[in-house]
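Contents: one structure, followed by commentary.
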Amino acid sequence: MKPLPRRFYARDAVVVARALLGMHLCMRQPQGVVVGRIVETEAYQGPDDLAAHSAGGRRTARTEVMYGGAGHAYVYLIYGMWNCLNIVTAAAGTPHAVLLRALEPVSGFDAPCWGPGLLCRALGIDRRHNGVDLCAASPDGGVLWLEAPGEPRPLRTGRSARIGVDYAGDWARRPWRFFDRGSPYVSTVSAAARRRALSVP
DNA sequence: ATTTGGATCGGT
DNA sequence: CCGATCCAAATT
């Protein structure tokens, strides 16, 4: 295990969001390590970005981890039933984060992971993981980390406006969502198209 | 103390 | 479009 170094995360969220495509999200579990390839992300840039939980410098118990420095997990509950996993980026005090929106299973699991809520459900991520250090490199290793894939795959990067942030005015139109074009695991792929792409003949 | 609505998802 | 399901944040 060689976690991405903290300097990877200590950059603008938009830069990191794009750079995370194709990286592996890894989680240590009782049964072993589970790995998924990141195929969809979104950048949030508080305090300016009105779509961010840290908009206007909002600083509460929930958003506190966004101010604590790059390379930590920000996990929150949404709609009463879904957890969402973010990666804190930029300098400490600058509340940027990248929402991980979809994975492609690589090893250790095979559960639906197309969309931020399903991603967390598939890996068993919840608010207990809020604040975990993704750069922990003790001999034992951390619970959750990201690393570069052994052999990089070609990537066609697409971008679009972010999903579900219509309340944010002009900020909602910024193309801060990044995804792997052609991955059937991207969240907005229709159920029918996904079935077609994943069906084994 | 009470209200409101959300960085979702699957089914209709 | 709708409902599930609950908590954070804003408001009274």
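Predicted model only: the values in this text are computed from it and were never measured.
By the 5.5 angstrom centroid cut-off and the 30-degree plane limit, Tyr44(A) is classified as stacked against the base of dA7(B).
At dA9(C), one or more side-chain N or O atoms of Thr60(A) fall inside 4.0 Å of OP1 or OP2 (strictly under the cut-off). The shortest distance between the side-chain N/O atoms of Arg194(A) and the OP1/OP2 oxygens of dC9(B) is not below 4.0 Å. Using a 4.0 Å cut-off, no side-chain N or O of Arg177(A) falls inside it from OP1 or OP2 of dA7(B). Not one side-chain nitrogen or oxygen of Arg101(A) sits closer than 4.0 Å to the OP1 or OP2 atom of dA7(B).
In summary, the aromatic rings of Tyr44(A) and His53(A) are positioned with their centroids too far apart to meet the 6.0 Å limit.
Counted within 6.0 Å of CZ on Arg159(A), heavy atoms from surrounding residues, nucleotides or ligands total more than 12; the atom is thus considered enclosed. Few gaps surround CZ on Arg6(A); more than 12 heavy atoms of other groups in view lie less than 6.0 Å from it.
Tyr79(A) has its OH atom 9 Å from the P atom of dC9(B), to the nearest Å. Taking atom CG of residue Asn130(A) and atom P of nucleotide dA8(C), one finds them 11 Å apart after rounding to whole Å. Met66(A) has its CE atom 16 Å from the C1' atom of dA9(C), to the nearest Å. Atom P of nucleotide dG5(B) and atom NE2 of His53(A) are separated by 16 Å, given to the nearest angstrom. Separating the CG atom of Leu77(A) from the C1' atom of dA4(C) is a distance of 13 Å, rounded to the nearest angstrom. A straight line from CH2 of Trp82(A) to C1' of dT5(C) spans 11 Å, rounded to a whole angstrom. In this structure, Leu118(A) places its CG atom 11 Å from P of dG11(B), rounding to the nearest Å. Rounding to whole angstrom units, CZ of residue Arg59(A) and P of dA8(C) are separated by 18 Å.
For the side chain to side chain contact (heavy atoms under 4.5 Å, CB included) with Glu104(A), the lone residue among Glu40(A), His24(A), Arg153(A) that qualifies is Arg153(A).
In this structure, the side chain of Thr41(A) engages the main chain of Ala17(A) through a donor-acceptor pair within 3.5 Å.
Comparing the C1' positions of dG5(B) and dC2(C) gives a spacing of 16 Å, expressed to the nearest Å. Taking atom P in both dC1(C) and dG6(B), the straight-line distance is 14 Å, to the nearest Å. Rounded to the nearest Å, the gap between the P atom of dA10(C) and that of dA7(B) is 12 Å. Taking atom P on both nucleotides, dT5(C) is separated from dT12(B) by 16 Å, rounded to a whole Å.
Ranking dA7(B), dC9(B), dA10(C) by closeness to the Pro116(A) side chain, first place goes to dC9(B). Closest approach to the Met81(A) side chain among dA7(B), dA10(C), dA4(C) is made by dA4(C) (side chain taken as heavy atoms from C-beta onward).
dC9(B): Watson-Crick or G-U partner is dG3(C), with both key distances under 3.5 Å. If you check dT11(C) for Watson-Crick or wobble pairing at under 3.5 angstrom, you find it paired to dA1(B).
Within 4.0 Å of Leu99(A), counting heavy atoms only, lies at least one base atom of the nucleic acid. Among the atoms of the strands shown, none is found under 4.0 Å from any heavy atom of Arg162(A). At a threshold of 4.0 angstrom between heavy atoms, the contacts of Gly117(A) are confined to the sugar-phosphate backbone, with no base atom among them. Residue Ser187(A) is classed as having no contact, given no heavy-atom separation below 4.0 Å to the nucleic acid.
A 4.5 Å side-chain heavy-atom check between Leu4(A) and Met23(A) finds at least one atom pair inside the cut-off.
You'll find a donor-acceptor pair under 3.5 Å spanning the side chain of Tyr76(A) and the base of dA7(B), going by distance alone.
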